[in-house]
Amino acid sequence: MRRRADFLAANRGLRVARPGFVLLAHPNQGHGKRYGITVTKKIGNAVVRNRMKRRFRELLREALPAHGLPDHDHVIIGRETGIERDFAKLREELGMALERAAAGKGDPRRPRRPKGAKGSGHGSRRQKQA
């Protein structure tokens with residue numbers, strides 16, 4: 001997958017969260033088993049992000065032919081703990097995530113925060129008391 005529209009459509013699909021990543025699965029109207037990988041700048045610098053993407057790409061190439069959902073887009077969103085996780089552990093977690101997705105057992109969605117809202121809204125600085 002390369003188009004932004006495909007990634008946005010996948011975001012409306014089934015979501016299965018694991019410690020190292022989040023798997024999204026969404027039907028794609030007969031385009032076969034496709035995959036995409038997203039790793040944000042919050043994860044680390046370019047070297048770290050590219051290493052993580054290479055690991056996820058290899059995992060997906062191994063798992064999708066046998067365990068992927070037919071005619072679905074599969075998107076992996078990297079999490080901070082994904083880069084330091086053992087490769088065998090990630091493989092196991094991806095297998096479990098694909099099983100849950102095939103069974104239609106996604107994780108519930110979290111309510112969206114309003115734009116610009118981070119934390120409690122009081123800021124990190126302490127107020128002077130008079």
Side-chain angles (χ1 to χ4, degrees):
M1 294 175 30
R2 299 219 185 266
R3 293 180 25 224
R4 176 173 164 77
D6 293 335
F7 282 86
L8 292 175
N11 199 32
R12 293 190 304 267
L14 197 66
R15 175 180 302 261
V16 182
R18 292 289 167 247
F21 59 87
V22 176
L23 173 70
L24 306 175
H26 187 261
N28 62 18
Q29 289 80 35
H31 290 284
K33 295 177 187 176
R34 300 190 305 177
Y35 71 87
I37 300 167
T38 301
V39 181
T40 66
K41 287 185 177 182
K42 285 192 257 182
I43 302 300
N45 63 19
V47 173
V48 171
R49 293 193 313 269
N50 286 330
R51 184 181 322 138
M52 189 176 227
K53 286 190 274 189
R54 282 193 307 270
R55 295 177 87 202
F56 286 149
R57 202 173 298 121
E58 183 60 29
L59 284 170
L60 287 167
R61 284 182 184 152
E62 283 179 16
L64 281 188
H67 305 292
L69 282 73
D71 294 328
H72 274 68
D73 290 337
H74 303 80
V75 176
I76 285 193
I77 303 171
R79 287 184 158 180
E80 289 182 42
T81 57
I83 194 63
E84 57 202 32
R85 289 188 80 73
D86 182 50
F87 192 76
K89 189 73 171 163
L90 282 173
R91 182 183 293 128
E92 181 183 318
E93 289 172 354
L94 180 59
M96 290 188 310
L98 286 170
E99 284 177 19
R100 283 183 59 88
K105 296 180 180 177
D107 297 333
R109 294 210 176 260
R110 292 190 319 215
R112 291 188 61 116
R113 288 192 304 219
K115 287 199 183 241
K118 291 189 178 189
S120 63
H122 295 294
S124 59
R125 293 186 184 184
R126 293 186 66 171
Q127 299 291 326
K128 270 189 171 178
Q129 294 181 1

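Positions are given from 1 along the sequence.
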For this session: Would you check if the side chain of R49 reaches a backbone N or O of G44 as a donor-acceptor pair within less than 3.5 Å?
Result: yes
Problem set entry | I37 and R57, any side-chain heavy atoms less than 4.5 Å apart | yes
For this session: Of all the heavy-atom pairs spanning N28 and H31, show the shortest one and how long it is.
Result: O-CD2, 2.6 Å
For this session: Kindly work out whether a path of hydrophobic side-chain contacts (I/L/V/M/F/W/Y, heavy atoms less than 4.5 Å apart) joins L14 to V22.
Result: no
Problem set entry | ILVMFWY network linking L59 to M1, side-chain heavy atoms under 4.5 angstrom | no
Problem set entry | Nearest heavy atoms of L98 and H74, plus distance in Å | CD2-CD2, 3.9 Å
Exercise. Where is the tightest heavy-atom contact between G78 and F56, given as atom of each residue plus distance?
Worked result: CA-CE1, 3.6 Å
Exercise. Hey, what do you get for CG (N45) to CZ (R51), rounding to the nearest 0.5 Å?
Worked result: 8.5 Å
Problem set entry | Path from L8 to V39 over hydrophobic side-chain contacts below 4.5 Å | no
Exercise. Below 4.5 Å, heavy atoms only, C-beta onward: do L64 and Y35 meet side chain to side chain?
Worked result: yes
Seminar exercise, completed: One should read off an interatomic distance between E92 CD and D86 CG, to the nearest 0.5 angstrom, of 9.5 Å
For this session: Consider only side-chain heavy atoms of I, L, V, M, F, W and Y, link residues closer than 4.5 Å, and tell whether V75 and L60 are in one cluster.
Result: no
Problem set entry | Short side-chain to backbone donor-acceptor contact, K105 and R100, under 3.5 Å | no
Problem set entry | Atom of R18, atom of R79 and distance for their closest heavy-atom approach | O-NH1, 2.9 Å
For this session: Could you tell me whether the side chain of F21 reaches within less than 4.5 Å of the side chain of I77, counting heavy atoms only?
Result: no
Problem set entry | Min side-chain heavy-atom separation E58-R54 under 4.5 Å | no
For this session: Nearest 0.5 Å please: distance from the CZ atom of R2 over to the CZ atom of R34.
Result: 11.5 Å
For this session: Looking only at non-hydrogen atoms, find the nearest pair between H72 and A25 and report the distance.
Result: CD2-C, 4.2 Å
Exercise. Which distance, rounded to the nearest 0.5 Å, do you find between the CD1 of I83 and the CZ of R85?
Worked result: 12.5 Å
Exercise. Any chain of hydrophobic side-chain contacts (each under 4.5 Å) joining L24 to L69?
Worked result: no
Seminar exercise, completed: For A63 and L94, the nearest pair of non-hydrogen atoms, with its separation, is CB-CD2, 3.8 Å
Seminar exercise, completed: Separation between CD (E80) and CE (M52), nearest 0.5 Å, reads 8.5 Å
